[in-house]
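Proteins get letters first, then strands, A, B, ... in listed order; numbering begins at 1 in each.
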Amino acid sequence: MSRYNFKEIEEFSQERWKKAKIYKTPENPEKKFYLLEMFAYPSGDMHIGHTRNYVIGDTVWRYKKMQGYDLLHPFGWDAFGLPAEQAAIKRGESPKKWTYGNIATSRNTLKRLQISYDWDREIITAEPEYYRWNQWLFLKLFEKGLVYRKKSFVNWCDSCKTVLANEQVIGGECWRCGTSVRKKEMEQWFIRITAYAERLLNDIDKLEGWPENVKIMQRNWIGRSEGAEIDFYTEDGYKLPVFTTRPDTLFGVTFISIAPEHPYARGIDKEEVKKYIDNALMMSEIERQSEEREKTGVPTGKFAIHPFTGEKIEIWVADYVLASYGTGIVMGVPAHDQRDFEFAKKYNIPIKVVIMPPDQGLSPDTMEMAYEGHGMMVNSAQFNGLDSELGKKKVIEALEKVGKGRGKVTYRLRDWLISRQRYWGTPIPVVHCEKCGIVPVPEEQLPVLLPPEEEVNFIPTGRSPLEDARDFYHTKCPKCGGPAHRDADTMDTFVDSSWYHLRYFDPHNDKEIFSKEEARKWHPIDLYIGGVEHATGHLIYFRFMTKFLYDLGYLDSDEPALALFNQGMVMDEKGEVMSKSKENVVSPIGLIERVGVDATRIAILFAAPPERDLLWSEKGVKGAERFLSRIYNHFMPYIDKKNPEPDKKDPLYRGIEKTKKIVTEDLEHMRFNTGIAALMEMLNQITAYPSRDSETYVYVIQEFTKILAPFAPHLAEFLYAKFGEKQSIFLEAWPSYHEDAVKEEIVTVVVQVNGKVRARLEIERNTSEEEVIKSALSHENVKRHIDGKEIRKTIYIKNKILNIVAR
RNA sequence: GCCGGAGUGGCGGAACUGGUAGACGCAGCGGACUUAAAAUCCGCUGUCCUUGUAUAGGACGUGCCGGUUCGAGUCCGGCCUCCGGCACCA
C-alpha cells in the first residue's frame, strides 16, 4: 500500500484549484463575504506568527466557501516605510529592490501555503498607482479643511530622525526603534482627526462584532471629557483660556499653570523663567512624564484676574502641564485636584476649600490630599450651598452670561501628524510658492512621483531627503507659474493602510480611488483578522478614513469592519516575541518541506485557541503528521463507492453526524483547536471500526473528508477526487447533519450521593425520573453510601445527573 | 494607580446557559512487530490511600481565603501572581 505522500498530494490538489480558479473573486456576489487579514509589511520572509494569521483566515475562507458565500479575500503589501531606508543606509541596498525582493519572497511563501488570496487584486502601496490615491485623499482632506500645517512641538525621534504621531509614541518611546522621544518645534502637516472624535467615539457602539477590549481601548484613547473653557485675563489684558472638567471648583483657584511650550510662557522676559523653560524643553518625554519625579514650576511674577472675584492669581510655568491637551493652561485648584495639591504644597501656594464632602469636614490646614469627590459648594459667592454637580452647570451659565467662558468638550485624541522627514513614502502633493504660499497640486497632475533613489542621500539628517532631489524639489507654482518648491516630506505609512481595504474593491482603477459600484458590492469587511497591537493606531485611522470617504459619498456605510478578530501572538519557546534582531524567527518553509502544508496548518491551529498567545514549539507537529497519515491509511483502501447508504442505527453513523455538528459550531466560533480535536476523536472511532467494506464506512469517510477540508485542504481535495468527484471539494456544499442521529439513545446518568459521584447508569434516553431513582437505589455502591441515612431529597436533571441528598 | 484578560496534570490545552474535571494531542511507561532501531499498532498514564487484585473502593484536586447551592473550574466577596493597554489628559 502506498503511504501518505504530502508532496504528491499538494501538487495534485494545487493543480486542481488552479484549473478551477477557485480563488477568483466573483464579479457579482449574491451572498457576499469580505474576509480580510491585515496586510503585511515586507520585512523579509514571514515567520510562524504571520503564518498563523493567514492560516486562520484561510480556514475561515474555505469554510465560508463551502457554505456557498461569494468571497472577497485579497492581499497586499504595506510597502513603504523606514526599514527599507535602513537597509539602504546599512548595506547600500536600494529601498525599492529590498522591498520588492522581500515581497517576492513572502508572496512565494503564501502561495506555497496556498492561502486563498485572489492575487489579481494584490496591491503594493509603494506603487504610484496606489500612492497617487493617498495624494488624492490628501487633496480632498485639504479641500475640506481637514488637513492643515502647523508649527508646534511635536514628537521627535533622534534615531529615526523624523517626527512621530501621538499613536506612535509608546510609553515615551519611538514605536519602531525604542528611542526616547523628544519634543521639537517644527512646522508639520496634521490631519484633523479630532473633528471626527465624537463620531469615532459614538460609533464604537455600532461595532457589535468587535472584541470588547479593543472597543474599550479606543474609547479610552479618544478620551472624551466634558467641562468648560474659562477665560482668565492677565493684568495687561492677555487672554489665558483654561480647560477644566470641574468648573464648580472655580472659586478654589489659587494659581494658573502654563505649559513650558506655550507662547505666552515663552514670551515672558525673566531670567529664571527662560532658564526653566529651556531646561524643560530639553528633557525627554520619559524624564518629563515620569511619575516619580516631583512636579516643578516657576512663578512668572505675572498675575491673572479671577473672572468672578477679580482676585489676582499668580501665573506659573509648570512642566506637568501638557501643551497638547486642552489649551495648554490649567487653573490650579489645590484643594480639589491632587496634582495641584502637590504643586501647591511644594511651593507654598494657598489652598482654598470650595467643595464640602457630604460626610466630613475639610480644612486647608489639615488636609493631606486633595478632595476630588463631589459635595456642596462653599466659599463660592452666589453658588454657595449648591450641589457641585449642579454647580458645574450653573457656573458655566454664569460664565457664558459675562462672556468669560463656555461649556466645552475636549478629547485626549490628538490630531494626526502625518508628515515624515523620510524618503521611502508618499510625497505630499503640495507646492510652496514664494508668492502664493501653500498651493495644493492639482488633481490632474497626480501622482507626484517619488524621485529616483540615485538622486537622494538616505543618511538621515533631520531634513527631508527629497530636498536634495533637485528636479523633484524645484518646480513651478501651479497657480502663478513662478518659482516654487515641492513639499519635501512624505506621508506616514499609516495613511497608506488607512484605506487599503477599500482599494481592493477595484485595485486597478486609474480614474478613481475605487468605483462606487464595486464598493457597493463588497463594503464593509465582514471579518477582519489581525493583531491587537493596532487597537489605537491603525484601527482608528482606518475607521476615520472610512468615515471620510463615506462623507465624500463613496461608501454607503461609515464603518470599515463588522467584525474584528484578534489572533494571539506567536512567541518562541522561551516566551519571547519573534524578531529579526533576536534571531529567533521561525520560518514556516522548513516545516512545510519536512511535513507538508496540511500538517503545518493542523499543528498551528491545534496548538491553542487562535486568540491566545502561542509559545511555538514543533513538539505538536508529530501529532498533526500522525493524524493525516492515519486518515490516508484508513481511507484510501476503501474509497470507491460513490453514493453509499449508511445504516442510521450504526454508532459510527451517529459518530460522524455528531462530529459534523461539533465541527460546524466550532468553525462558526473560530474554535479551530477543538474542531480538530473532534475530528481526531472521530478518527479514533473510525480506525476502531471493524466492517470496512460496509456502505456506512464509506459514507462516514466521505463526510469526514468534507469537514476536514477547511483544516487540511490538500489531503481533503485529494481524497475527494479519489471518491470520483470531478470538481473541487470547495465547490461542494458544507454537509448538514442528521439531527436525530446526534442524540444518543443510551445516555450515561451520573448518580451522586450528597454531591459526590457514586455510580454511573447506562440508561435509555428519556427514562422516567422514577425509574432512574429506582435503578440508582438498587446500585451496590449507592446503597452503601445511603445506608443508615434518610433520603431527604432527590434532584434529577434529565438524561444527565441524579443527586440523592441523604442525611 | 486606573482599565482589560488570564491562572486547570510533566507540557499544549478541553469542559455548552452551575451538573461525570482533565476531551484531544505531545511527552512518558509497558507490550506487539523487528536480528536491531525507526516507523506503525495495542494498553497505561492527576496525586495519595485501602483491601478482598478487579471492569473494586475511598480521600484530595482547577492560584489563595471565605460564601451561595443538592451540586462550583464555572456564580458572589476578599486577596495573590502573570500578561496587555493607559498613565500628570486638568
#### Entry: Selection from B:C24, B:C3, B:C26 that lies nearest to any side-chain heavy atom of A:Lys622
B:C26
#### Entry: salt_bridge(A:Asp205, A:Lys215) N-O dist < 4.0 Å
no
### Task
Could you note down all residue pairs passing side-chain hydrogen bond (donor to acceptor under 3.5 Å, both in side chains) where residues 600-622 of chain A supplies at least one of them, sequence neighbours left out?
A:Asp58-A:Arg601, A:Thr59-A:Arg601, A:Arg594-A:Glu618
### Query
Nucleotide by nucleotide, 5' to 3', does protein get under 4.0 Å of the base (B), only the sugar-phosphate (S), or neither (-) in nucleotides 54-61 of chain B, counting heavy atoms?
---SSSS-
### Message
Assuming nearest nucleotide by heavy-atom distance, tell me which of A:Ala624 and A:Pro609 is located more 5' along RNA chain B.
### Response
A:Pro609
### Query
According to a strict under-4.0 Å criterion, is A:Arg626 in side-chain N/O contact with OP1 or OP2 of B:C24?
no
### Message
With a 3.5 Å distance limit and no angle check, can you tell me whether A:Asp415 reaches the backbone of A:Phe190 through a side-chain donor-acceptor pair?
### Response
no
### Message
Under 3.5 Å, is there a donor on one side chain and an acceptor on the other for A:Tyr4 and A:Glu625?
### Response
no
### Query
Is there a donor-acceptor contact under 3.5 Å from the side chain of A:Asn673 to the main chain of A:Ala607?
no
### Task
Determine whether the side chains of A:Arg630 and A:Asn633 contain a donor N or O and an acceptor N or O closer than 3.5 Å.
no
### Stretch residues 535-542 of chain A: residues that reach within less than 4.0 Å of RNA chain B through a heavy atom
none
### Query
Does B:G12 fall in syn (glycosidic angle within 90° of 0) or anti?
anti
### A:Glu198/A:Arg224 salt bridge by N-O under 4.0 Å criterion
yes
## Note on the structure
Side-chain atoms of A:Ile170 come closest, of B:C86, B:C24, B:A90, to B:C86
### Query
Pick from A:Lys408, A:Lys404, A:Lys239: which one makes a salt bridge (Lys or Arg N to Asp or Glu O under 4.0 Å) with A:Glu229?
A:Lys408
### Query
Under a cut-off of 3.5 Å for both distances of each Watson-Crick or G-U pair, what dot-bracket string does RNA chain B give, using [ ] for crossing pairs and | for inter-strand pairs?
(((((((..(((......[....))).(((((.......))))).(((((.....)))))..(((((..]....))))))))))))....
### Query
Got A:Val750 and A:Gln752 here, is their nearest side-chain heavy-atom distance under 4.5 Å?
yes
### Nearest-angstrom distance from the residue atom CG of A:Asn220 to C1' of B:G1
14 Å
### Query
Can you check whether A:Arg412 has a side-chain N or O nearer than 4.0 Å to OP1 or OP2 of B:G85?
no
### Task
At under 4.0 Å between heavy atoms, which parts of nucleotides 65-73 of chain B does protein reach? Answer with one letter per nucleotide, 5' to 3': B base, S sugar-phosphate only, - none.
-----BS--
### Query
Taking only side-chain nitrogens and oxygens of A:Thr674, does any of them come within less than 4.0 Å of OP1 or OP2 of B:C24?
no
### Message
Could you check B:A87 for me: syn (within 90° of 0) or anti?
### Response
anti
### Selection from B:G19, B:U20, B:A90 that lies nearest to any side-chain heavy atom of A:Lys800
B:G19
### Message
So, OP1 or OP2 of B:C41: does either fall under 4.0 Å of a side-chain N or O from A:Arg630?
### Response
yes
### Query
Can a side chain N or O of A:Asn633 be found less than 4.0 Å away from OP1 or OP2 on B:U40?
no
### Validation row: A:Lys658, A:Tyr737 side chains within 4.5 angstrom (heavy atoms)
no
### Summary
Among the nucleotides B:G4, B:A90, B:G13, whichever has the atom closest to the side chain of A:Ile216 is B:G4
### Task
Mark up nucleotides 45-52 of chain B, 5' to 3', with B wherever a protein heavy atom is under 4.0 angstrom from a base atom, S wherever such an atom reaches only the sugar-phosphate, and - elsewhere.
--------
### Query
Salt bridge check: are A:Glu665 and A:Lys661 linked by an N-O gap of less than 4.0 Å?
yes
### Query
Do you see a donor-acceptor pair shorter than 3.5 Å between the side chains of A:Asp340 and A:Tyr320?
yes
### Task
Would you confirm whether the ring centroid of A:Trp175 sits within less than 6.0 angstrom of the ring centroid of A:Phe494?
yes
